[in-house]
Chemist: 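There's a structure below that I have some questions on.
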Amino acid sequence: MTLVARFSALLLAFSLALPAMAMSLDEAKNALESAKSQGLVGETPSGYLAAVGSDQKSKDIASAINDARREAYKKIAEKHGIAVTKVETVAGQKAVEKTPSGQYIQVDGHWIKK
């Protein structure tokens, strides 16, 4: 394991252990589909989720899922020797395309119901 990978793992573990972390990844995963169906969070072209409104629980779900996605994107980028931004862009396109009708996606900075 490289030094960067060890540091990233340590940083992630530390972040998850902080009391300020409002929601665990497992809690966020369990709440994600419901939050998407209710229109509380949506997919963005950047490869990350965002809260559609200002609800704190929605922000917490998006934050926890995005942290996990960010780590996964880094691993994919390292494995293939490409920039993380490329992985984020491709993942964002796929997520937006796969979003079912009735859920929110972000297009040109605006939320639309697909």
Chemist: Same cluster or not: Val87 versus Val90, using hydrophobic residues (I, L, V, M, F, W, Y) connected whenever any side-chain heavy atoms lie under 4.5 Å apart?
Modeler: no
Chemist: Can you confirm whether Tyr48 sits close enough to Arg70 that some side-chain heavy atom of one is under 4.5 Å from a side-chain heavy atom of the other?
Modeler: yes
Chemist: Side chain to side chain contact (heavy atoms under 4.5 Å, CB included) between Arg69 and Glu88: does it pass, once the steps are laid out?
Modeler: CA-CA 9 Å; Arg69 285 184 179 184; Glu88 291 168 335; over 6 Å; no
Chemist: Can you tell me how far CD1 of Ile82 sits from OH of Tyr73, rounded to the nearest 0.5 angstrom?
Modeler: 12.0 Å
Chemist: Just wondering, do Asp67 and Ile65 contact through their side chains at under 4.5 Å, heavy atoms?
Modeler: no
Chemist: Any side-chain donor paired with an acceptor under 3.5 Å for Ser37 and Glu33?
Modeler: no
Chemist: How long is the straight-line distance from OG of Ser54 back to NZ of Lys59, given to the nearest 0.5 Å?
Modeler: 5.5 Å
Chemist: If I take atom CG from residue Asp26 and atom NZ from residue Lys29, how far apart are they, to the nearest 0.5 angstrom?
Modeler: 6.0 Å
Chemist: Working note: Val52 + Leu40, criterion side chain to side chain contact (heavy atoms under 4.5 Å, CB included); need CA distance, chi angles, decisive distance, verdict.
Modeler: CA-CA 5 Å; Val52 175; Leu40 301 175; 6.0 Å; no
Chemist: Considering all heavy atoms of both residues, which atom of Val96 and which atom of Pro45 are nearest to each other, and what is their separation?
Modeler: CG2-N, 4.2 Å
Chemist: Decide yes or no for Leu32 and Leu49: does some side-chain heavy atom of the first lie under 4.5 Å from some side-chain heavy atom of the second?
Modeler: yes
Chemist: Test Glu43 against every option in Lys36, Gln106, Lys114, Gln103 by the side chain to side chain contact (heavy atoms under 4.5 Å, CB included) rule and name the one that passes.
Modeler: Lys36
Chemist: What's the separation between atom CG in Asp55 and atom CD in Gln38, rounded to the nearest 0.5 Å?
Modeler: 9.5 Å
Chemist: Do Thr44 and Trp111 have side chains that get closer than 4.5 Å, going by heavy atoms?
Modeler: yes
Chemist: Do NZ/NE/NH1/NH2 and the carboxylate oxygens of Glu71 and Lys74 come within less than 4.0 Å?
Modeler: yes
Chemist: If you round to the nearest 0.5 Å, how far is CG of Asn66 from CD1 of Ile61?
Modeler: 11.5 Å
Chemist: Identify the heavy atoms of Ala28 and Ala64 that sit nearest to each other, and give their distance.
Modeler: CB-CB, 3.6 Å
